[in-house]
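First comes the structure, then the notes that go with it.
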Amino acid sequence: MSTSKIAFSRRGFIRTSTLASGGILIGFNLFNSCKPNAKPPVDLAQLDYKDFNAFIKIAENGAVTIFSPNPEIGQGVKTAMPMLIAEELDVAWNNVYVVQGDLDTVNYQRQVAGGSQSIRFGWEPLRQTGATARQMLVNAAAARWGVDASECTTHEGVITNAKGETLGYGEVVADAAVLEVPENVSLKDSKDFKIIGTDATNVDMDKIITGKPLFGLDYKTEGMVYASVLRPPAFGQTLESYDDTAARASENVIDIIKFDNKIAVLAKDTWSAMKAKKALVAQWKADEELESTEDHDKILLALLEGNDVDVLRADGDVKKAFAQADKILERTYEAPFLPHNCMEPMNFFAHVTPEKIFLVGPIQTPQGTAAGIAASLGRKPEEVHLKMTRMGGGFGRRLYGDFAVEAATISNISKKPVKVVFSREDDMTDGIYRPASKYKIRASIKDGQITGYHLTEAAINGNMYGLIPNFFPAGAIENYQVDAANYQSKITTGAWRAPYTNFLAFAEQSFFDELADELQIDRVQMRLDLLQKVKGTTDDRIQYSPERLEGVIKMAVEKSGWGNKPDHIYQGFSAYYCHNSHVAEVADVVMENGEPVVKKVTCVIDCGIVVNPLGARNQAEGGVVDGIGHAMYGDFTFKNGVPSSKNFDTYRLIRMKEAPLVETHFIQNNLAPTGLGEPTLPPAGAAVANALKAATGNRFLKQPFTKQYELMNNTKKEILG
Amino acid sequence: MPTYSLNLNGKTQTVDVSEDTPLLWVLRDQLDLVGTKFGCGIGQCGACTVHIDGNAARSCSMPISQLAGKAITTIEGLSHDGSHPVQQAWKEVDVPQCGYCQAGQIMTASAFLAKNASPSSEEIKNAMHGNICRCSAYNRIHKAVEVAADKLV
């Protein structure tokens with residue numbers, strides 16, 4: 001069980017004060033309390049309200065407001081994190097209002113956007129915060145009654161003493177605010193949870209379904225102008241010259257500004273800015289040869305065969321194992337670049353004045369972005385005020401603040417409040433893409449056993465990081481090695497939902513299918529046998545649990561009817577650990593009119609306690625369908641530095657008719673919660689590929705599958721959902 | 001710039017914009033109705049879906065000059081308080097993840113159900129196929145259309 005341990009005393013990190021409007025404000029530093037190894041940012045004795053970034057407000061009428069400072073990108077933390085506080089505070093969830101933190105902007109300097117980590121790290125400190133607040137309210141009530149606090153109980157915001165007298169939280173907040181913060185509060189036993197583990201609707205639901213302003217693109221302020229930016233059409237080009245005569249003559253255009261190898265058109269409205277941008281005439285040049293996917297393919301394949309690699313993990317002696325093998329299985333798996341394609345195109349608002357830099361918009365990394373802008377404009381970090389909005393998708397793209405830097409730069413030059421808006425074409429062609437990558441996997445077989453496993457990664461710009469080389473099957477095979485090499489490209493790349501594992505899981509779990517065939521053993525049994533060998537490991541780099549992976553595999557077998565399906569249903573199996581969670585998936589494929597159709601995916605997850613099952617199932621279903629969609633259709637190549645697609649007419653995303661039914665099951669246990677925004681995506685591609693092999697006889701080694709299928713059959717036929 | 005009179009959400013609205021301005025940007029930038037979303041600008045994703053004379057239409061590809069005399073409904077006008085059966089179904093099923101595409105999904109679904117109140121699963125899939133949900137909440141969108149259909153019967 002991995003629980004995060006709060007590193008500081010609550011005395012320092014929780015503060016209370018009475019509000020002029022009545023009621024109590026309880027402040028705590030979410031960023032630091034959720035980072036177990038973080039160092040205190042300031043002298044605890046000097047800690048002031050500005051050092052807190054999350055607050056609970058309890059009004060005299062008993063209403064509870066939780067100000068959540070965390071970026072919400074659709075992963076549901078704005079709902080789930082306050083649930084943890086409300087549970088221990090012991091209030092009715094229906095009476096809790098959740099507000100996206102919009103406080104003194106100084107507080108925005110310590111915020112966190114955690115990829116699949118928010119709930120994992122927030123689990124203990126958020127509950128402790130709620131419990132501490134509850135204890136203070138109880139202490140205040142006990143003092144007023146003249147009784148011992150231990151004889152008081154709470155239920156949904158009401159405190160009751162042994163005589164049956166009651167006081168509402170709102171009635172004692174003024175007293176509680178001046179009490180000392182208690183140090184030793186106990187947390188509820190999981191069997192007593194009333195909010196955690198129950199379905200809670202998305203807290204922004206009413207605004208979403210009625211179309212209220214919520215997202216960055218919806219932000220508007222007095223005097224704001226709109227900027228549409230012309231960027232180099234090919235990666236590797238620079239601006240040589242341009243003629244803006246026609247663009248300046250276009251309606252509603254305010255100004256045209258050249259900056260950083262780009263040209264911004266400022267106009268009174270979005271449409272006028274976008275239209276005028278099309279009238280710009282620019283000449284671009286390239287000092288070096290521009291890159292194409294054809295070249296990348298050759299380079300990456302050569303890297304897989306070369307010796308210029310970093311060894312990321314090496315157990316035993318793979319060379320010897322391969323030299324002594326009866327048989328060697330070798331496969332190469334290939335993945336393209338992928339754009340993120342958030343439905344809300346990149347955008348940001350900036351107003352740079354001599355006094356301050358005011359920024360508003362959708363960003364996963366407010367702290368780093370604000371600091372970067374301060375540095376680039378030669379300003380002090382404390383002059384930057386950044387306000388976050390809800391995000392129309394993130395998927396990793398909004399970790400990068402390039403669009404916010406553009407907005408600040410343009411505002412700094414023009415001295416105007418500016419909103420930069422990407423068109424879809426800008427968004428898709430000026431991306432920070434999932435890097436193209438290839439994996440070569442080799443396994444040696446001796447006397448019917450897997451004796452060696454050697455995986456080599458060749459990727460654009462960077463390689464797998466952290467503990468990824470130690471994921472399953474690391475620890476299960478005596479002679480085991482992971483090597484990595486990369487090629488530095490001018491094409492910008494970065495994190496894309498489940499970085500690296502989004503394709504690594506496909507490669508390995510597809511390879512396991514073929515390996516089981518070679519060994520003539522049941523593919524599920526093969527995984528279970530390997531996991532047996534990891535049990536009791538003392539290797540602390542191995543953080544997956546063989547027992548928990550075994551648990552999801554066994555439940556997936558049971559729930560999917562693995563091995564017991566009628567002949568016309570072809571199943572594919574996949575199981576993977578990443579982002580601290582364990583997932584197994586089974587895809588069901590049927591042939592309809594001679595074409596394979598993915599009908600259903602059974603998904604079993606062990607992510608510990610599920611805080612909000614309603615939101616969790618949504619994440620799981622979305623992750624599976626997203627994984628399948630990109631594996632089947634995601635096709636993004638470059639020709640002389642220019643992306644192959646600019647918009648959704650040529651770039652295909654999965655749609656309603658292709659989306660299979662996803663049946664989700666959670667392992668029930670009392671272990672601390674782990675990530676859910678990403679872990680259901682990586683196994684999905686291999687579950688489908690393995691089912692497609694069973695259905696069609698074709699082994700898919702390259703994504704997207706549709707492209708390979710068309711080539712195999714020399715037809716326009718395709719795989720449908 | 002020419003002046004256009006719009007029949008929008010049951011009221012008459014007047015705007016001064018160039019004739020090729022898409023309805024989407026008139027709604028968002030001129031009239032502050034930002035519920036209708038910008039997704040692709042070429043009618044491929046459905047985020048900007050509104051009703052024109054009761055039919056689902058892509059406002060990003062609809063020049064303002066072609067809307068004379070037509071009744072336009074946006075997500076803000078579907079109901080005053082989110083009480084339309086499709087909005088209620090979306091809430092009951094807890095459809096949204098990021099939520100950005102959902103106004104467009106709701107507008108497509110409500111126009112579809114107005115013409116076919118008891119659709120088959122296949123008909124729902126065909127009707128909703130033009131709207132992309134990048135979070136891939138398709139299972140729930142499908143379910144919510146079914147729930148809405150039950151409410152409308």
Side-chain angles (χ1 to χ4, degrees), chain A residues 72-76 199 201-202 204-215 217-218 220 226 251-252 268-272 274-275 341-345 390-395 421 423-425 614-615 618-619 621-626 629 647-649 653-657 659 661-662, chain B residues 1 17-18 20-22 24-26 28-30 32-42 44-45 47 74-76 78-79 81-82 84 86-88 90-92 94-103 106 124-142:
Chain A
E72 171 65 51
I73 58 175
Q75 83 280 42
D199 287 344
T201 303
N202 187 320
D204 281 331
M205 180 64 74
D206 289 333
K207 286 181 181 167
I208 291 169
I209 61 173
T210 56
K212 296 285 184 299
L214 198 57
F215 299 92
L217 207 66
D218 303 341
K220 189 180 272 193
Y226 297 80
E251 269 176 328
N252 297 323
K268 286 181 189 161
D269 58 73
T270 319
W271 172 250
S272 299
M274 287 180 175
K275 196 167 115 180
N341 285 328
C342 302
M343 286 309 290
E344 180 190 13
R390 191 178 177 89
M391 294 175 234
F395 310 104
V421 180
S423 64
R424 176 56 58 191
E425 290 79 4
L614 187 64
N618 209 354
Q619 282 301 304
E621 291 162 8
V624 170
V625 177
D626 189 8
N647 207 324
F648 299 131
D649 50 345
L653 283 168
I654 194 164
R655 290 170 183 266
M656 177 67 98
K657 279 196 273 190
L661 178 71
V662 182
Chain B
M1 268 178 295
V17 290
S18 62
D20 60 352
T21 310
L24 168 69
W25 295 113
V26 172
R28 292 187 58 84
D29 288 355
Q30 316 296 328
D32 291 342
L33 293 173
V34 295
T36 306
K37 299 303 187 205
F38 168 52
C40 70
I42 58 168
Q44 290 286 323
C45 77
T74 68
I75 186 74
E76 292 90 347
L78 191 63
S79 69
D81 50 4
H84 187 282
V86 174
Q87 289 168 312
Q88 286 302 301
W90 245 249
K91 188 171 178 170
E92 265 178 54
D94 194 50
V95 174
Q97 286 184 34
C98 85
Y100 191 80
C101 74
Q102 299 301 343
I106 288 169
I124 292 172
K125 285 182 180 177
N126 283 327
M128 302 306 296
H129 194 71
N131 286 65
I132 295 172
C133 172
R134 177 65 184 80
C135 303
S136 298
Y138 295 115
N139 280 209
R140 290 202 178 179
I141 293 167
H142 189 283

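Just so it is clear, the values below take in all heavy atoms, side chains as well, and ignore hydrogens, waters and symmetry mates.
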Residue among B/Ile106, B/Thr21, B/Leu78 with most heavy-atom pairs under 4.5 Å to chain A: B/Thr21
Toward chain A, the part of B/Ile132 with a non-hydrogen atom under 4.5 Å: both
Under 4.5 Å from a heavy atom of chain A, the part of B/Leu33 involved: neither
Contacting region of B/Asp81 [heavy-atom separation from chain A under 4.5 Å]: backbone
Most contacts with chain A, counted as non-hydrogen pairs under 4.5 angstrom, among B/Ile141, B/Val17, B/Asp20, B/Ile124: B/Asp20
Contact winner vs chain A - B/His142, B/Lys125, B/Gln88, heavy-atom pairs under 4.5 Å: B/Lys125
A/Thr210 vs B/Ile75, side-chain contact (heavy atoms from CB on, under 4.5 Å): CA-CA, chis, key distance, verdict: CA-CA 6 Å; A/Thr210 56; B/Ile75 186 74; 5.7 Å; no
Contact winner vs chain A - B/Asn131, B/Asp32, B/Thr36, B/Leu24, heavy-atom pairs under 4.5 Å: B/Asp32
A/Asp649 side chain to B/Gln44 side chain, donor-acceptor N/O pair below 3.5 angstrom: no
Best-contacting candidate, A/Thr201, A/Val625, A/Thr270, against chain B by heavy atom pairs under 4.5 angstrom: A/Thr270
Under the side-chain hydrogen bond (donor to acceptor under 3.5 Å, both in side chains) test, residues paired with B/His84 that sit two or more places apart: none
Short side-chain to backbone donor-acceptor contact, A/Glu621 and B/Ala137, under 3.5 Å: no
Which residues share a side-chain hydrogen bond (donor to acceptor under 3.5 Å, both in side chains) with B/Glu76, sequence neighbours left out: B/Thr74
Candidate pair A/Phe215 and B/Val34, rule side-chain contact (heavy atoms from CB on, under 4.5 Å), full reasoning: CA-CA 9 Å; A/Phe215 299 92; B/Val34 295; over 6 Å; no
Carboxylate-amine/guanidinium proximity below 4.0 Å for B/Asp29 and A/Lys268: no
B/Arg28/A/Asp218 under salt bridge (Lys or Arg N to Asp or Glu O under 4.0 Å): CA gap, chis, key distance, verdict: CA-CA 8 Å; B/Arg28 292 187 58 84; A/Asp218 303 341; 3.0 Å; yes
Lys NZ or Arg CZ of A/Arg655 over B/Tyr138 ring: under 6.0 Å, within 45°: no
Spacing of CG belonging to A/Asp204 relative to CD belonging to B/Gln102, to within rounding of 0.5 Å: 12.5 Å
Chain B contact via A/Asp199 - side chain, backbone, both or neither, heavy atoms under 4.5 Å: neither
Non-hydrogen side-chain atoms of B/Pro96 and A/Met205 separated by less than 4.5 Å: yes
Least distance between heavy atoms, A/Ile208 atom then B/Gly99 atom: CG2-O, 3.6 Å
Note, A/Phe395 side chain near B/Cys135 side chain (heavy atom, < 4.5 Å): yes
Flag side-chain contact, heavy atom, 4.5 Å: A/Met343 against B/Lys37: no
Value rounded to 0.5 Å, distance of CG in A/Leu614 from CG in B/Asp94: 4.0 Å
Side-chain touch A/Leu217/B/Phe38, heavy atoms, less than 4.5 angstrom: yes
A/Leu661 versus chain B, the contacting section by heavy-atom distance below 4.5 Å: both
SG on B/Cys45 to CZ on A/Arg424, rounded to 0.5 Å: 6.5 Å
Side chains of A/Trp271 and B/Val26 in contact at under 4.5 Å (non-hydrogen atoms): no
N/O donor-acceptor pair under 3.5 Å between A/Asn618 side chain and B/Val95 backbone: yes
Which of A/Leu214, A/Val662, A/Val624 touches chain B most, by non-hydrogen pairs under 4.5 Å: A/Val662
Contact winner vs chain B - A/Glu425, A/Lys275, A/Lys207, A/Met274, heavy-atom pairs under 4.5 Å: A/Lys275
Minimal non-hydrogen separation, A/Gln619 against B/Gln97, with atom names: NE2-OE1, 3.3 Å
Side chain proximity check, B/Tyr100 to A/Pro345, heavy atoms < 4.5 angstrom: yes
Distance (rounded to the nearest 0.5 Å) between A/Asp269 CG and B/Gln30 CD: 5.0 Å
Main-chain N/O of B/Arg134 paired with A/Asp626 side-chain donor or acceptor, under 3.5 Å: no
Region of A/Glu251 that comes under 4.5 Å of a non-hydrogen atom in chain B: side chain
